[in-house]
Amino acid sequence: CPRRAFPGGGAGMGVLAIIGSITLVLALVGAPLLLDVLASFFPRLSAGARRRHGLLLERGAAGLILAMCLLAYCVWLTRFLPYAQAVDPSPVALVVHVAVANALWFGTVVNWALACTLRPRALPRGRREEERACSECSGAQQAPATWHCRLCAACVPGFDHHCPFIANCVGAHNSACFLQFLLCSSGGCLYAAYVSFQAFFECIAFPVANIYFEWGSSRPRPDTACRLVQEYALLFLPTAGMCALVCALTTWQAYLRLRGESSAHFIRRWRVILGVKPAS
């Protein structure tokens, strides 16, 4: 039997480059996230490492988020938008794709930038009996709902958690922007997964299954559209994983908001349950 070419073949090096790049991105994203989780639940185990390397990792992670947004927009503009236009050339479909993608992309980038750059502001002082001294700030008085962040070296009103992907605390000063960033990025990931799945199924999954399982399907393959997207259709696989992670984080933050509980209170409650003592 003659060997059959892989659909969209001749792009092996491109596929390897994409897979290697995505693996590197996931590793760089996972490192600060893992460090943040360890520091939250087991502060004695990771406090020293977090103080030494936390800011450097977080600034790198924050820059990586921006780089990923720019790269995703370029890939969508040069590969997946032409593919979607070739599959459905109607003007209405083009307008919908452009409007949805740009709204979600700009919403993600703008809210991410605001969450990164907005700094804590002091809340109005409460009654004297509600105030408490901060052990990290030479006994300075804290307003209610204020917690000290060791990475930022500041008391943060409405403190929720320190996020490595914005290199900043999430608190009263930027919590709305942070939640909007998560919502927009979740919507963007879902849209990217939808567009890339269509290309992945039509150009790779179904043709390969039809050949190797000998289904004998006569369903035509959109070759013109597939030549536009080529091996980039494989981006559906990491996109689906990233989509699951971002949507899980968004759901978690929304759940805590609905309960009226912050991440800090949740973590402290579980520290008590697990018997973990706070770092000295």
Side-chain angles (χ1 to χ4, degrees), residues 21 24-40 46 49-76 101-123 136-137 145-192 239 242-243 245-254 256-257 262-264 266-267:
S21 300
L24 178 61
V25 166
L26 292 177
L28 291 174
V29 168
L33 185 60
L34 178 61
L35 183 63
D36 195 62
V37 171
L38 287 174
S40 298
S46 55
R50 194 181 186 195
R51 289 190 189 100
R52 287 192 301 271
H53 308 300
L55 288 176
L56 181 62
L57 277 174
E58 289 174 357
R59 286 166 184 163
L64 185 63
I65 294 295
L66 180 59
M68 288 175 62
C69 288
L70 294 174
L71 180 61
Y73 190 85
C74 290
V75 172
W76 170 79
N102 281 281
L104 292 172
W105 189 84
F106 280 105
T108 298
V109 173
V110 169
N111 283 289
W112 171 83
L114 290 174
C116 287
T117 54
L118 291 177
R119 295 300 169 188
R121 293 180 303 224
L123 289 177
E136 303 287 339
C137 295
T146 300
W147 298 90
H148 185 89
C149 175
R150 293 186 176 183
L151 270 181
C152 293
C155 290
V156 181
F159 179 78
D160 187 88
H161 68 286
H162 188 97
C163 178
F165 301 115
I166 62 173
N168 195 7
C169 285
V170 177
H173 58 292
N174 65 352
S175 60
C177 297
F178 180 74
L179 188 58
Q180 290 168 12
F181 158 64
L182 287 179
L183 290 171
C184 289
S185 58
S186 295
C189 286
L190 289 171
Y191 169 77
T239 299
M242 186 66 70
C243 185
L245 175 62
V246 173
C247 289
L249 290 173
T250 305
T251 303
W252 173 244
Q253 283 293 310
L256 289 178
R257 295 293 181 90
S262 68
S263 301
F266 174 84
I267 291 171

Could you walk me through whether Cys69 and Trp105 pass side chain to side chain contact (heavy atoms under 4.5 Å, CB included), step by step? CA-CA 8 Å; Cys69 288; Trp105 189 84; 3.9 Å; yes
From CA spacing to verdict: side chain to side chain contact (heavy atoms under 4.5 Å, CB included), Phe178, Asn168: CA-CA 10 Å; Phe178 180 74; Asn168 195 7; over 6 Å; no
So how far is it from Trp147 CH2 to Cys155 SG, rounded to the nearest 0.5 Å?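 Trp147 atom CH2 to Cys155 atom SG measures 11.0 Å (nearest 0.5 Å).
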Working to the nearest 0.5 angstrom, can you tell me the gap between Thr108 OG1 and Leu183 CG?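 Spacing of OG1 (Thr108) from CG (Leu183) equals 9.5 Å.
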For Cys184 and Asn111, work out which heavy atoms get closest and say how close.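 Smallest heavy-atom distance, with atoms named: SG-ND2, 4.3 Å.
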Result of checking Leu118, Ile166, Thr117, Val170 against Cys177 for side chain to side chain contact (heavy atoms under 4.5 Å, CB included):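 Among Leu118, Ile166, Thr117, Val170, the one that satisfies the side chain to side chain contact (heavy atoms under 4.5 Å, CB included) with Cys177 is Leu118.
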Residues in side chain to side chain contact (heavy atoms under 4.5 Å, CB included) with Ala72, at least two apart?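 None.
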For Arg257 and Ser175: C-alpha separation, side-chain torsions, deciding distance, then whether side chain to side chain contact (heavy atoms under 4.5 Å, CB included) applies. CA-CA 10 Å; Arg257 295 293 181 90; Ser175 60; 3.3 Å; yes
Any side-chain heavy atom of [X] within less than 4.5 Å of one from [Y]?
X	Y	value
Phe159	Cys169	yes
Ser263	Gln253	yes
Val156	His173	yes

Are Arg119 and Asn174 close enough that a side-chain donor and a side-chain acceptor fall under 3.5 Å?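 Distance-only check fails for Arg119 and Asn174.
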For residues 185-192, tabulate all N or O donor-acceptor pairs below 3.5 Å that involve a side-chain atom, not counting sequence neighbours.
unit_1 : atom_1 : unit_2 : atom_2 : d
Ser185 : OG     : Phe181 : O      : 2.8
Ser185 : OG     : Leu182 : O      : 2.9
Ser186 : OG     : Leu182 : O      : 2.9
Ser186 : OG     : Thr250 : OG1    : 2.6
Tyr191 : OH     : Trp76  : NE1    : 3.0
Tyr191 : OH     : His97  : ND1    : 2.8

Give the C-alpha distance, both sets of side-chain angles, the deciding distance and a yes or no for ring-ring contact (aromatic ring centres under 6.0 Å, His included) between Phe266 and His161. CA-CA 10 Å; Phe266 174 84; His161 68 286; over 10 Å; no
